[in-house]
Amino acid sequence: MNNIFNYTREKLEKEFVELGYKKFMSSQVLDWLYKKRNYNIDDYSNIKKENREFLKSQYSFDLIKIEKVEEDTDVKKFLFRLLDGQKIEAVLMYHGYGLSLCVSSQVGCNMGCKFCESGRLKKVRNLETYEMVEQVLLISDYVKGRIDSIVVMGIGEPFDNYDNVINFLSIINDDKLLAIGARHITVSTCGLVPKIKEYASFPLQVNLAISLHAPNDEIRKKIMPIANAYSINEVIDAVKYYSNKTNRRVAMEYILLDGINDSVKCANELADLLNGVNAYVNLIPYNETSHIEYKASSEHQIKVFFDTLKQRGVDVTTRRRFGSKISAACGQLRSKEI
Ligand code: SAH
């Protein structure tokens, strides 16, 4: 049975009509789910009993479960148990301007980045659309608050689960469903070049972030196996193609790892690489994890790196640290549970 949260509005309307029901019933159902947040079909009093029976026979309304919550002042971390028992996590961050949620796109990840906790545990499977939608719904219900922005930066490589992620973006952006503004949605990829190009044609004004993490292939190959498949120049060309086509600026994520990619030479090389690219750099203080030998760069080194980029005219921000107390680095909670 197909889960009801896999459906965009258009797809559900079309399917109802094909099965001989009124298109309007889809607005009623979606209103119960996304506005009233009532997931129990028996309560859908404005829908005839026989139609409710049809819904039950045709669709699954099953929900994934919040199994554990870890809290800090400005962050909550959720461990979910999926219907087949697999675990994933999502992280809710309290920014000055609202709630931002980081969702997972796969159970595990096959990209194998050397610094990343999620990549230590191989991909078990892709998440289905409903499993991403329900992360948003259930967390919003849990905190009784509206989620303002979404980043697909949790466990998994979203472009290795492209179709389900795109379907998810359409659902959360729909005004009648979760109504999260496209400009408040960001997908982060380690650099799957063909998918970056495909994403350029996706009609919503959603954002792109690239996990660059190095200024050249030599360093990138040491920490990111995907660099063996696509060179850094191919990634940059794909970013140029994307920003020309969409007119949007791309975020270049750069984790600072002590002694690996944080020298002044690296900063200068990065500035050269990004010359003429419509992008800004988001420096990420590394969240150290017990299983991995890399160390975070010092505050001083981060500042020197930042200042070097600034002086070279590169737009640069440093990511605020959230929840280093509560194993908030990507994949840490799940890996602890497993
Ligand atoms: N696969 C996608 C999205 C998931 S990773 C991608 O690679 O972009 C989300 C971001 O968190 C990436 O930039 C990743 O490199 C970074 N990240 C992974 N482990 C981290 C850690 N321990 N500390 C800080 N950032 C980390």
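Note that ligands are numbered from 1 as they come in the structure, with each ligand's atoms numbered from 1 the same way.
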Asker: If we set the cut-off at 4.0 Å for heavy atoms, which region of Ile210 has an atom near ligand 1: side chain, backbone, both, or neither?
Answerer: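 It is neither part, as no heavy atom is under 4.0 Å.
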Asker: What atoms in ligand 1 come closer than 4.0 Å to a heavy atom of Thr189?
Answerer: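 So the answer, numbered in order with elements, is 6 (C), 7 (O), 8 (O).
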Asker: Just to verify, what does Lys56 make a salt bridge (Lys or Arg N to Asp or Glu O under 4.0 Å) with, not counting sequence neighbours?
Answerer: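 Scan of Lys56 (salt bridge (Lys or Arg N to Asp or Glu O under 4.0 Å), adjacent residues dropped) gives Asp42, Glu53.
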Asker: Output the list of atoms in ligand 1 that are nearer than 4.0 Å to some heavy atom of Ser211, sorted by atom number.
Answerer: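 Near Ser211, the atoms of ligand 1 are 6 (C), 7 (O), 8 (O), 12 (C), 13 (O), 15 (O).
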Asker: Nearest 0.5 Å please: distance from the CZ atom of Arg81 over to the CD atom of Gln86.
Answerer: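 Between atom CZ of Arg81 and atom CD of Gln86 there are 9.5 Å.
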Asker: With a sphere of 6.0 Å drawn around NZ of Lys265, does it hold more than 12 non-hydrogen atoms of other residues, nucleotides or ligands?
Answerer: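 No, the 6.0 Å shell around NZ holds no more than 12 heavy atoms from other groups.
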Asker: Using a strict cut-off of less than 4.0 Å between a Lys/Arg side-chain nitrogen and an Asp/Glu carboxylate oxygen, indicate whether Lys195 and Asp160 qualify as a salt bridge.
Answerer: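 Salt bridge: no.
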Asker: Only one of Thr318, Asp315, Thr317 clears side chain to side chain donor-acceptor pair (under 3.5 Å) with Asn282; which?
Answerer: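 The passing option is Thr317.
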Asker: Do the ring planes of Tyr162 and Tyr199 sit parallel (below 30°), tilted (30 to 60°) or perpendicular (above 60°)?
Answerer: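 It falls in the perpendicular class, over 60°.
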Asker: Compute the minimum heavy-atom distance from Ala209 to ligand 1 and say whether it is under 4.0 Å.
Answerer: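 Per 4.0 Å heavy-atom rule, Ala209 does not contact ligand 1.
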Asker: List every atom of ligand 1 that sits less than 4.0 Å from any heavy atom of Gly154, numbering the atoms from 1 in the order shown and giving each element.
Answerer: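 Answer for ligand 1: 4 (C).
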Asker: For residues 129-157, which residue pairs pass the ring-ring contact (aromatic ring centres under 6.0 Å, His included) check, not counting sequence neighbours?
Answerer: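 Qualifying pairs: Phe78-Tyr142.
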Asker: Return yes or no for this condition: an N or O of Tyr286 is under 3.5 Å from an N or O of ligand 1.
Answerer: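 No; every N/O pair is 3.5 Å or more apart.
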Asker: Identify which of Cys109, Cys102, Cys116 has a heavy atom lying nearest to atom 19 (N) of ligand 1.
Answerer: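 Heavy atom nearest to atom 19 (N) of ligand 1 belongs to Cys116.
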Asker: State if Gly191 counts as touching ligand 1 under the rule of any non-hydrogen atom under 4.0 Å.
Answerer: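 Per 4.0 Å heavy-atom rule, Gly191 does not contact ligand 1.
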Asker: Under 4.0 Å, heavy atoms only, figure out whether ligand 1 is touched by the backbone of Glu157, its side chain, both or neither.
Answerer: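 Both backbone and side chain of Glu157 come within 4.0 Å of ligand 1.
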Asker: So, 4.0 Å and heavy atoms of Glu117: is ligand 1 close enough to count as a contact?
Answerer: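 Checking ligand 1 against Glu117, which is what was asked, there is no heavy-atom contact under 4.0 Å.
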Asker: With a 6.0 Å cut-off (strictly less than), is the heavy-atom count around CD of Glu18, excluding the residue itself, greater than 12?
Answerer: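 Yes, CD of Glu18 has more than 12 neighbouring heavy atoms, counting only those of other groups under 6.0 Å.
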Asker: May I ask you to check whether Glu117 and His291 show a side-chain donor-acceptor distance below 3.5 Å?
Answerer: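 Side chains of Glu117 and His291: pair found under 3.5 Å.
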Asker: Do ligand 1 and Met153 have nitrogen or oxygen atoms that lie under 3.5 Å from each other?
Answerer: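 Min N/O separation from ligand 1 is not below 3.5 Å for Met153.
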Asker: Pairs of nitrogen or oxygen atoms closer than 3.5 Å, one from Ser188 and one from ligand 1: do any exist?
Answerer: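 N/O-N/O distance below 3.5 Å exists for this pair.
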Asker: Counting from 1, what ligand 1 atoms have a heavy atom of His213 closer than 4.0 Å?
Answerer: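 With His213 as reference, the close atoms of ligand 1 come out as 13 (O), 14 (C), 15 (O).
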Asker: Can you list the ligand 1 atoms lying under 4.0 Å from a non-hydrogen atom of Cys190?
Answerer: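 Under 4.0 Å from Cys190, ligand 1 has these atoms: 6 (C), 7 (O), 8 (O).
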Asker: Under 4.0 Å from a heavy atom of Gly156: give me the atoms of ligand 1 that qualify, with their elements.
Answerer: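 Checking each atom against Gly156, I get 1 (N), 2 (C), 3 (C), 4 (C).
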Asker: Find the distance between CZ (Phe305) and CG (Leu309) and round it off to the nearest 0.5 Å.
Answerer: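 Taking CZ in Phe305 and CG in Leu309, the distance rounds to 5.0 Å.
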